[in-house]
Amino acid sequence: MTDPGAAAPALIRLQAITKTYGQGTAAFQALRGVDLTVGAGEFTAVMGPSGSGKSTVMNLIGCLDTPSSGHYAFRGVAVEGLSRDQRALLRRRHLGFVFQGFHLLARTSAQENVELPLIYRGASAAERHRAARQALDQVGLTGWEHHTPAELSGGQQQRVAIARAIVTQPTVLLADEPTGNLDSARGREIMDLLVALNRGHGITVLMVTHEPDMAAYAHRIVHFRDGVISRDEWRAAPATAPTTESAAVTGTGAA
């Protein structure tokens, strides 16, 4: 199949990226010269066994770590040349994160959890409340704003985490095993939601997963092994369309 990303604008470009942890005989090379280009609007799944480098490359793209060598460009800007504060600014303005563990504040309502990134931005209370309610509506949680995590199911908690990730209207959503703590039915709901956000709002999605059935929702699967890309597989379209519930996401305001 022809690479559909070839004509897409290069949003993320990694060239000859290496990452080494430790020194001397204890050194471990997690990445061994990775070249990867991601176009705007892609939904890409990253797969590989433990120690393959898939999570390391996601941390580098998310500016949570820095490469040992090589070049990382985000929208043409050399990220490796940015200061720590500049990388933090890039994260706040352009990147949203969803993790396997939901990382919600236990005694804080769903709306207050979603508002947290906007507090760091210095948004007013009125702006935070409006944006958080809109984000919760986009993930199908209207009416659950004032419930704490203990009052929500696992799937609902992950939806709150996704709402928190998209409330800042990110360019890229980085999801690390987003269905890892969910049963298969709830996992499919979350994947339908990610597809809807990608299709309906144009959010670029990069997802680490070890589950082939979840990776099948993406239209590109990048396989890692021993710190390099072993296969880059393109698909015509996500294998599963959004469900009726999550399809409603595409009819709401911008993410």
Side-chain angles (χ1 to χ4, degrees), residues 3 5 10-39 42-103 120 161 165 170-182 187 204-216 218 220-234:
D3 179 349
L11 176 62
I12 294 167
R13 187 183 299 277
L14 305 181
Q15 295 176 296
I17 290 290
T18 70
K19 181 64 181 181
T20 302
Y21 296 100
Q23 297 180 343
T25 57
F28 169 69
Q29 193 168 13
L31 298 176
R32 303 170 181 267
V34 171
D35 295 315
L36 177 66
T37 298
V38 178
E42 286 185 18
F43 189 148
T44 297
V46 180
M47 299 192 71
S50 297
S52 63
K54 62 185 186 298
S55 293
T56 300
V57 81
M58 289 285 279
N59 287 339
L60 295 179
I61 291 172
C63 297
L64 301 174
D65 203 351
T66 55
S68 299
S69 66
H71 177 62
Y72 168 25
F74 186 91
R75 285 185 166 175
V77 175
V79 176
E80 71 272 8
L82 300 179
S83 67
R84 179 177 296 182
D85 287 345
Q86 288 171 324
R87 291 196 303 273
L89 188 61
L90 188 154
R91 284 196 303 271
R92 288 199 299 269
R93 289 186 174 179
H94 295 287
L95 306 176
F97 297 87
V98 179
F99 301 99
Q100 179 175 347
F102 313 129
H103 299 312
Y120 297 133
T171 307
V172 180
L173 186 63
L174 299 168
D176 192 353
E177 300 283 4
T179 62
N181 283 340
L182 304 175
T204 302
V205 179
L206 281 171
M207 176 184 70
V208 166
T209 182
H210 68 278
E211 302 173 88
D213 54 338
M214 299 305 167
R220 181 186 187 187
I221 305 176
V222 179
H223 299 263
F224 274 75
R225 182 173 293 276
D226 298 328
V228 298
I229 294 174
S230 60
R231 190 164 84 254
D232 194 345
E233 174 189 358
W234 288 89

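Note that the structure is predicted; figures quoted are calculated from it, not measured. In this chain, residues are counted from 1 in sequence order.
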> Hey, does I61 have a side-chain heavy atom less than 4.5 Å from the side chain of V172?
Replying inline: no
>> Tell me which pairs pass ring pair (Phe, Tyr, Trp, His ring centres under 6.0 Å) where either residue lies in residues 69-98, with sequence neighbours left out.
In response: F74-H94
>> Does D35, at its CG atom, have more than 12 non-hydrogen atoms belonging to other residues, nucleotides or ligands within less than 6.0 Å?
In response: yes
> Within a strict 4.5 Å, meaning less than it, do heavy atoms of the L82 and L89 side chains meet?
Replying inline: no
> Do T171 and R75 come close enough that some side-chain heavy atom pair is under 4.5 Å?
Replying inline: yes
>> According to side-chain contact (heavy atoms from CB on, under 4.5 Å), who are the partners of A175, at least two apart in sequence or on a separate chain?
In response: V98, P178, M207
> How would you list, by chain and number, every residue that makes a side-chain contact (heavy atoms from CB on, under 4.5 Å) with N181, sequence neighbours excluded?
Replying inline: Q100, F102
> Does the side chain of I229 reach to within under 4.5 Å of the side chain of H223, using non-hydrogen atoms?
Replying inline: no
>> If we check side chain to side chain contact (heavy atoms under 4.5 Å, CB included) with V222, which of these qualifies: D232, V57, V34?
In response: D232
> Who are the salt bridge (Lys or Arg N to Asp or Glu O under 4.0 Å) partners of D176, not counting sequence neighbours?
Replying inline: none
> Can you find a pair of side-chain heavy atoms, one from L11 and one from V38, that are under 4.5 Å apart?
Replying inline: no
> Are C63 and V79 side-chain neighbours, meaning at least one heavy-atom pair lies under 4.5 Å?
Replying inline: yes
>> Run the side-chain contact (heavy atoms from CB on, under 4.5 Å) test against Q29 and tell me which residues pass, sequence neighbours left out.
In response: T18, T20, R32
> Got a sec, which residues hit side chain to side chain donor-acceptor pair (under 3.5 Å) with T56, two or more places apart in sequence or on another chain?
Replying inline: none
